[in-house]
Structure formats: C-alpha cells, structure tokens
There are 2 protein chains.
Amino acid sequence: MTRARTTVVDNIGSLITNDPALGRGPLGILENASLVLGDTSVLHVGPAGAVADDRIDADGAAVLPGFVDSHTHLVFAGDRSEEFTSRMAGQPYDGGGIRVTTDATRSAATEELDRLVRLRLAEAHRAGTTTIEIKSGYGLNVDDEARALQIAEAHTSETTFLGAHLLPREFEGRADDYIDLVCGEMLAAAAPHAKWIDAFCEVGAFDVDQCRTVLHAGRDAGLGLRLHGNQLGTSGGVELAVECGCASVDHCTHLTDGDIEALAGSDTVATFLPAADFSTRQPYVDARRVIDAGVTVAIASNCNPGSSYTTSISFCIAIAVREMGMTIDEAVQAVTVGGAAALRRNDVGRLTPGSLGHAVILDAPSHHHLAYRPGVPLVRQTIGPLGG
Amino acid sequence: MTRARTTVVDNIGSLITNDPALGRGPLGILENASLVLGDTSVLHVGPAGAVADDRIDADGAAVLPGFVDSHTHLVFAGDRSEEFTSRMAGQPYDGGGIRVTTDATRSAATEELDRLVRLRLAEAHRAGTTTIEIKSGYGLNVDDEARALQIAEAHTSETTFLGAHLLPREFEGRADDYIDLVCGEMLAAAAPHAKWIDAFCEVGAFDVDQCRTVLHAGRDAGLGLRLHGNQLGTSGGVELAVECGCASVDHCTHLTDGDIEALAGSDTVATFLPAADFSTRQPYVDARRVIDAGVTVAIASNCNPGSSYTTSISFCIAIAVREMGMTIDEAVQAVTVGGAAALRRNDVGRLTPGSLGHAVILDAPSHHHLAYRPGVPLVRQTIGPLGG
C-alpha cells in the first residue's frame with residue numbers, strides 16, 4: 001500500500017488558519033509559516049521549513065483557506081444583460097425577470113446546461129472558491145428541477161432544492177397549488193439529489209406560511225433548511241428561518257431590531273450578498289449592527305443572471321468593506337468560516353490539521369489586499385478541487 | 001522587402017469601433033464583424049469573413065479598443081495597506097501618507113523600481129489596458145523625479161512630470177521655494193523624459209497660483225499640461241485647468257456649476273477616478289450632470305498605493321455605472337476615446353482603419369458584461385503591446 005504524497009506550501013508571508021489557537025487574532029494568523037497537505041487534508045501547520053514530497057513556494061504571499069461560496073444559482077441558460085443595462089440606466093424594463101431564465105433553462109439541452117455550469121465553476125475556482133453551494137430554481141417543474149439538481153450534484157455535495165423560487169406562469173393565481181406540487185411530487189424527485197431545501201420569502205414570491213410549509217416538507221424529507229429572506233423589505237423571513245432552525249437566512253438587507261435579536265439567539269447564520277445589492281442598487285446591509293449584536297455572518301456571491309452575475313468573492317469582500325461597515329478581517333472570515341457555518345461544515349473555511357486542504361495563494365503579501373486592490377484578480381493559485 | 005503579416009480577428013459577436021460612421025450608435029458597434037490588423041495598425045473593419053495571414057477566432061465575443069488609462073502613478077515602492085485598512089475601519093492613522101511612499105521610493109534601487117513597474121504594467125495589460133500614462137511624483141527631488149521618469153519612459157510615451165505632487169518634508173514651511181525648485185532644476189532634469197507636466201491643486205497640496213506657476217513653466221519647457229483638481233473640494237483647479245488649456249483635469253469629485261460651464265466651453269477633458277473615490281470613501285461624482293452639460297469625460301484607474309491601488313479599468317466601469325449615473329456605453333467610451341482625448345490622442349481608443357491595432361477580446365458577448373459581471377476578470381486576450 002502506498003502512502004499519499006504530501007505537499008508543503010512554504011515561504012508563506014502570512015497564513016490565515018481561522019483558528020485563534022494556532023495564530024494571532026480571530027483569524028489565527030501565522031507569519032513566515034508553512035502548510036503541509038496530504039492527499040485531501042491539512043496535515044500540519046507551523047513555522048516555515050517543513051518538509052514534504054512536493055513543494056509549492058508561496059514567495060512571501062498570503063495564503064488563505066479556499067473561499068466557501070454558500071449561495072449560488074449556477075444552473076441556468078440565457079442572458080439578461082439588457083435587463084441589467086436598463087436597470088442601471090434607470091429605465092423601465094419588463095423583460096420578464098426570472099421567468100426569462102426559467103424559459104431559457106427549461107429549453108436548454110442538459111449537455112449545454114452542464115457546459116455552462118462547468119464554465120462558471122472554473123471561473124469561480126480560478127477566483128479562489130473551493131466549496132460552493134448550487135441551487136435549483138429555474139426549472140420550476142418536476143423534471144427541470146430534478147435535472148438542475150442532477151447537474152449540480154455532479155460538481156458539489158452542497159446542492160439545494162429551490163422549487164419555491166418564484167411562481168411559474170402556468171400557476172398564475174394558484175400559488176397554493178404550486179406549493180402543493182413543490183412539497184409533493186417535485187420534492188420527491190428533487191430530494192435524492194439535494195442536501196438542502198430553500199424558499200424565497202418575499203413580497204412577489206412566497207409568504208411566510210407558504211415558505212414554512214416548504215421548509216417543513218423539506219425537513220420531513222431529510223433535507224437541511226435555508227431561506228431567502230428580507231431582501232426587499234422586512235418579509236418575516238428572518239423570524240421564520242430562526243423558528244425553523246435554518247442553517248442560514250440569506251440577503252438580510254432589511255432587518256428589524258427583533259430580527260437581529262432573534263438571529264443572535266439562534267444557530268442561524270445571516271448571509272449577506274453584497275454583489276446583489278450592488279447590481280440591483282439596493283441599499284447595503286449595515287453589517288456592523290448585525291455583527292456587534294453577536295450574529296454569525298457569511299458573505300456569498302449569489303451568482304445568478306438577474307441580480308448578481310459574479311463569481312468573485314474578492315469583489316464581495318471589497319464591497320463589504322467599502323459599504324457595509326465590515327473590517328477586512330471580518331469580511332475574510334465571512335467568506336471562509338462564515339460560509340462554512342452557513343453550510344454547517346467545520347471541515348472547510350479553515351486551514352487546521354484535519355481540515356480539507358483547500359487553500360488560496362494570493363498575489364499579495366496580506367489578505368488586506370483583497371479590499372485594498374479592488375477589481376484586481378489577486379488569486380495566484382487555488383489549491384484543491386472545487387466541490388463539496 | 002517583406003510585407004508585414006496581417007491578422008484577422010474574426011467571428012466577433014460585437015465590435016466596438018468608437019466611430020459612429022462605421023456602426024450603430026455612438027460606439028459605432030458592428031455585429032458579426034471582423035477586424036484586420038497589420039503590424040501595428042488597423043487595416044480593415046467590416047463583416048465577418050475577411051482573410052489575412054493569421055486568424056484569431058473571437059468565438060462570438062465582444063471586441064473593444066484597448067483601454068486607455070490616462071492617469072496612473074505606477075513608479076513607487078513600499079506598501080500602504082495598513083493605512084487603507086485603518087481608513088476603512090474608520091480609525092485614525094497618521095502613517096505619513098504620500099511621504100511614506102516617497103521615502104520608500106527614494107530608497108529603492110532603480111532595478112527594483114523597474115521590476116515593480118513591470119509587474120504593474122503586466123497586470124494592467126492582462127486587464128485590457130494598452131495605452132497608459134505614468135506620472136512621477138514620489139521622488140520630489142531632482143534626481144528621484146528624473147529617475148522615475150526615466151523608468152517610465154522605457155515603457156510608455158505618456159510620461160508626466162508631477163514634481164508638484166506634495167511638499168516634501170525637507171521643504172516644510174517653504175512651499176514657494178519648492179515650487180521654484182520644481183520649475184527650475186527639477187523641470188530641467190525631468191523635461192527630457194516627460195511629455196506632460198501635472199500639479200496637485202488642493203488644500204494641503206498646492207494652491208492655484210503655485211499650480212499656475214508650475215503649468216506655465218512646463219509649457220515653456222515644451223510639455224503638455226494636465227492637472228489634479230477638485231478632489232476634496234472646489235479647489236479652483238478646474239478653472240485653472242481651463243484657463244491654461246490643460247488636456248485634462250483629473251478627479252473632479254466636487255464641481256460647481258461654474259466649473260461645469262467652464263469645462264463645457266473648453267477642450268479640457270474631465271477625468272474621473274472612481275476607484276479613488278471607492279478607496280477613500282469620498283462621494284462619487286455625479287457624472288450625469290457633467291456629461292449632460294456637454295463635457296468630454298474620461299475614466300482612469302489612478303493606480304497608486306495610497307488612494308487607489310487598482311489597475312482594473314473594468315472595476316472603474318462597474319463603479320461608474322453603479323454609482324456615478326453613467327450608462328455602460330458612456331463608461332466604455334470614457335475608458336477608450338475619453339482616455340485618448342485626455343491624452344490628446346486620436347490613434348488609440350478606437351478601432352478604425354489607421355488606428356493602432358490595440359484591442360481587447362472579452363469573455364463575454366457584449367461590453368455590457370463589464371458592469372453586469374463585476375469583479376470577474378473578463379478580458380480573455382489583450383491584442384497589441386502596452387505602451388504609448
């Protein structure tokens with residue numbers, strides 16, 4: 001039996017472990033460190049000079065845990081750049097929104113959808129993402145929701161059934177009938193390919209009672225729970241998420257004091273999606289208020305063709321720091337351990353012995369450059385595959 | 001005598017020529033086009049299918065003129081990420097600002113400065129910049145200003161002498177003496193290596209009369225004129241720039257109605273530096289108001305270690321569209337023909353027969369994706385060298 005080869009990443013300027021016991025501050029930073037990786041996991045973290053079979057010279061750069069992007073909608077076809085362009089120009093545009101994507105996604109061949117997902121995943125991986133959640137939600141019928149999840153599960157273990165994304169036009173005026181379908185036949189077809197269930201709790205999408213029905217059905221089918229809430233207003237989504245014990249409630253653009261109090265007393269992570277607020281000209285979250293209340297927060301890309309067509313976690317960090325009152329350290333935590341918490345994972349988002357050996361080497365001596373150098377593709381190398 | 005080889009860029013989804021006579025709208029857009037390049041210049045623009053010695057398949061992507069970055073401070077050493085981090089966290093930080101960079105730049109070996117400039121230029125070129133202006137301004141003595149310009153002129157013809165960037169500490173309380181030096185011995189040493197002269201007209205830097213003295217001296221030495229103005233307040237910089245016939249006045253964050261009127265009646269370009277407003281939390285320019293008044297505008301990176309450490313023109317476009325009231329088309333014009341106008345060039349910033357053959361192929365079917373996909377490195381290929 002052969003032993004797996006080991007690799008040392010050496011000559012690291014600053015290593016973020018995310019374990020305060022291993023290094024300085026909440027990020028557990030080690031200067032002049034080395035990181036030893038086995039076949040899949042971290043074997044050793046310590047001072048420079050460790051020895052292994054292979055060596056990667058970080059040349060004084062910062063090394064971080066691979067980014068954990070806990071919220072994406074990667075399985076889609078079609079283009080909505082015209083809708084974006086009109087919105088940015090302040091012009092009315094009734095191009096159909098999510099329904100445009102639903103039509104294009106339903107019509108696309110499976111091979112084409114898979115090709116598009118692979119392109120987006122490669123782009124995300126180049127930009128430092130090593131764990132990614134992928135939702136369905138543009139199929140909105142039994143076969144197309146199941147198909148989206150089958151495509152997604154070939155690439156990640158973090159798959160989410162989002163049948164309750166929007167009411168498809170064939171159910172216009174019959175939302176409760178659609179919720180019955182989501183919780184019945186659609187869930188049965190989706191569940192074998194999904195780890196999580198999610199719903200869009202918002203005026204114009206589904207109300208609190210409908211979302212509760214979906215979450216309960218998902219839980220009964222053995223799925224973990226997550227929720228879209230409080231994007232456009234105080235939808236009641238945050239309260240519902242806490243009530244149901246969701247792993248995460250995502251958006252949280254509008255929060256009452258009661259919402260923040262509820263989150264602080266719960267295991268539910270508040271996941272911010274700054275690129276969506278950027279691309280829709282929504283107000284930015286006051287993350288300071290949320291963090292200071294003791295809530296665990298994450299930041300994710302929300303990559304989707306309508307409201308946030310980016311895979312760049314670095315961009316999300318820069319916006320969070322410029323606009324949301326987060327420090328750079330907090331933003332980096334939010335895209336690593338924060339994202340991991342939102343997926344209830346403790347094997348990713350950190351570089352500690354036993355964690356998965358997923359790391360990012362920057363073209364910079366410090367993680368501060370992720371905000372200091374906005375727009376610059378700062379990830380020199382992503383170590384480890386993208387996946388669950 | 002051998003003929004230069006020709007290259008056709010074919011299968012272009014949309015080609016931005018910036019010549020309304022060649023295509024649709026102000027950007028002169030051609031769909032399904034081909035672009036034929038000679039050794040250095042554009043030979044032909046027309047429908048797909050042109051033939052040449054070599055072929056680049058754009059695979060349906062958008063092709064744009066290479067970006068013209070008309071304002072950078074690339075010749076520097078040292079790191080100021082801590083200053084940035086403190087500013088973003090709202091903490092006081094008296095780390096010395098520009099003086100820190102001056103000390104580090106003066107101390108750096110010429111080979112090291114050149115190595116740093118090459119790295120930054122390579123990064124800018126990968127991100128689509130093919131014409132770049134480089135200023136001195138961290139030497140602030142005769143030898144170091146001349147050295148910075150000698151380093152810069154090895155890489156671009158668009159070199160700018162910015163001795164009047166800030167008062168060096170050895171001239172504390174003797175600003176007029178420093179201006180005498182700038183206009184005398186320093187200008188004499190700098191002028192052989194510079195195309196332009198520039199000054200920083202701002203409270204805390206130099207006043208209108210001092211800047212006028214510098215500009216007049218530069219003009220007498222045969223240099224073209226540009227000015228930093230109206231970054232932190234209505235400094236009088238815009239009026240001075242128009243009075244002196246500067247090619248461009250840069251920043252323009254704060255403008256009076258009179259400033260806009262003066263610009264509209266002049267040949268002076270208003271150059272916006274959105275990444276600086278991003279990285280210093282300054283208010284963003286209301287570009288709409290300026291454009292609607294008929295002013296020619298440009299957007300540049302202002303790449304420097306203190307207030308705007310980015311080479312990403314795409315990032316500047318995204319911010320201009322989100323925050324400054326510019327349409328995507330206007331922002332793309334501002335980084336191409338706008339930048340060219342700010343450098344009084346008509347051979348770059350466009351893809352028309354006779355222009356330099358500098359182009360960018362995107363990983364996207366339309367230039368709209370430059371704002372639609374924020375943070376994503378969308379430049380697949382940069383055609384043509386970076387230089388003057």
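Please read all numbers here as calculations on a predicted model, not as lab measurements. Each chain gets a letter, A, B and so on, in the order the sequences are listed, and its residues count up from 1.
A:Thr105 contributes atom OG1, which lies 10.5 Å from atom CD of A:Glu112 (distance to the nearest 0.5 angstrom). One finds the CD1 atom of A:Ile29 at 12.5 Å from the CD1 atom of A:Ile12 (value rounded to the nearest 0.5 Å). Remark: B:Ile16 CD1 to B:Leu27 CG distance equals 5.0 Å, nearest 0.5 Å.
Between the B:Asp69 side chain and the B:Ser301 main chain, a donor and an acceptor come within less than 3.5 Å of each other. Side chain of A:Thr17 to backbone of A:Gly28: a donor-acceptor contact under 3.5 angstrom is found. The backbone N or O of A:Ala275 sits less than 3.5 Å from a side-chain atom of A:Ser279, completing a donor-acceptor pair.
Relative orientation of the B:Phe76 and B:Tyr138 rings is perpendicular, given thresholds of 30° and 60° on the angle between their planes.
Top candidate by heavy-atom pairs under 4.5 Å with chain A, chosen from B:Glu123, B:Arg281, B:Arg80, is B:Arg281. Among the candidates A:Leu119, A:Ile328, A:Asp329, A:Asp363, the residue making the largest number of heavy-atom pairs closer than 4.5 Å to chain B is A:Ile328. Heavy-atom pairs under 4.5 Å with chain A were tallied for B:Arg322, B:Met88, B:Glu323; the largest tally goes to B:Arg322.
In this structure the side chain of A:Glu133 never reaches within 4.5 angstrom of the side chain of A:Thr156, judged on heavy atoms. A 4.5 Å side-chain heavy-atom check between B:Asn18 and B:Pro65 finds at least one atom pair inside the cut-off.
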A:Ile134/A:Leu121 under side chain to side chain contact (heavy atoms under 4.5 Å, CB included): CA gap, chis, key distance, verdict: CA-CA 10 Å; A:Ile134 303 179; A:Leu121 288 171; 4.2 Å; yes
Worked check of side chain to side chain contact (heavy atoms under 4.5 Å, CB included) between A:Gln282 and A:Leu232: CA-CA 8 Å; A:Gln282 279 281 301; A:Leu232 306 173; 3.7 Å; yes
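In summary, A:Arg118 and A:Asp114 engage in a salt bridge, as defined by a charged side-chain N under 4.0 Å from a carboxylate O. The pair A:Arg115-A:Glu111 does not meet the salt-bridge criterion, since no charged nitrogen lies less than 4.0 angstrom from a carboxylate oxygen.
For residues 302-315 of chain A, a heavy-atom distance under 4.5 Å to chain B picks out A:Pro305, A:Tyr309, A:Thr310, A:Thr311, A:Ser312, A:Phe315, given by residue number. Among residues 366-383 of chain A, the residues having any heavy atom closer than 4.5 Å to a heavy atom of chain B are, in sequence order, A:His368, A:His369, A:Ala371, A:Tyr372, A:Arg373, A:Pro374, A:Gly375, A:Val376, A:Pro377.
For a residue to count as touching a neighbouring chain, one of its non-hydrogen atoms must lie under 4.5 Å from one of that chain's; by this rule A:Arg126 does not touch chain B. Interface remark: B:Ala318 contributes backbone and side-chain atoms alike to the contact with chain A (heavy atom separation under 4.5 Å). Neither the backbone nor the side chain of B:Arg288 comes within contact range of chain A; no heavy atoms are under 4.5 Å apart. Neither the backbone nor the side chain of A:Ala124 comes within less than 4.5 Å of any heavy atom of chain B.
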